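Each remark here refers to the structure printed beneath this line.
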Amino acid sequence: EITYGDWSSDVCSSDLIPYVFVGWICAAGLALAELAIAEVNGRVPPRPAWRFVRQCVLWGCLFTAAILVNEAHLRGRISFW
């Protein structure tokens with residue numbers, strides 16, 4: 001049971017969905033930019049679609065973790081010091 005004041009009820013709430021969504025959109029844009037730079041430099045990977053998916057998941061997970069940690073910090077659930 002999740003009660004008020006529980007870390008999971010504060011940090012994993014539905015009000016974070018827009019932020020996480022924007023994080024994944026940025027991850028897709030960054031992965032696409034990496035492929036565009038590789039194409040301009042003549043270094044396109046052998047399977048560009050798989051490379052895009054892999055990079056998108058990598059950046060998306062990183063951004064999601066950063067968003068959750070930042071929100072936990074802002075809500076006073078964790079401290080960096």
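Computed from a predicted structure; not experimentally measured.
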Rounded to the nearest 0.5 angstrom, the CZ-SG distance for F21 and C26 is 10.5 Å
Let me confirm one number: the CD1-CD1 distance from I17 to I67, rounded to the nearest 0.5 Å.
12.0 Å
Go through the steps for W59 and E34 under the test side-chain contact (heavy atoms from CB on, under 4.5 Å), then give the verdict.
CA-CA 11 Å; W59 287 113; E34 287 179 346; 3.2 Å; yes
Output for pair (R43 CZ, L35 CG), nearest 0.5 Å, gives 14.5 Å
Please report the closest heavy-atom contact between P46 and P48, naming both atoms and the distance.
O-CD, 3.4 Å
Could you pull out the closest heavy-atom pair between A27 and G60, with the gap in Å?
CB-N, 3.3 Å
Passes side-chain contact (heavy atoms from CB on, under 4.5 Å), F63 versus V20? Steps please.
CA-CA 8 Å; F63 290 159; V20 173; over 6 Å; no
Check whether L32 and I25 end up in the same hydrophobic cluster, where Ile, Leu, Val, Met, Phe, Trp and Tyr are linked by side-chain heavy atoms less than 4.5 Å apart.
no
Could you tell me which non-hydrogen atom of R75 sits nearest to which non-hydrogen atom of L16, and how far apart they are?
NH2-CD2, 3.8 Å
For Q55 and A31 the tightest heavy-atom approach is CB-CB, 3.8 Å
Group every Ile, Leu, Val, Met, Phe, Trp and Tyr by side-chain heavy-atom contacts under 4.5 Å, then state whether Y19 and W24 land in the same group.
yes
Between CG on residue N70 and CD1 on residue I78, distance to nearest 0.5 Å:
8.5 Å
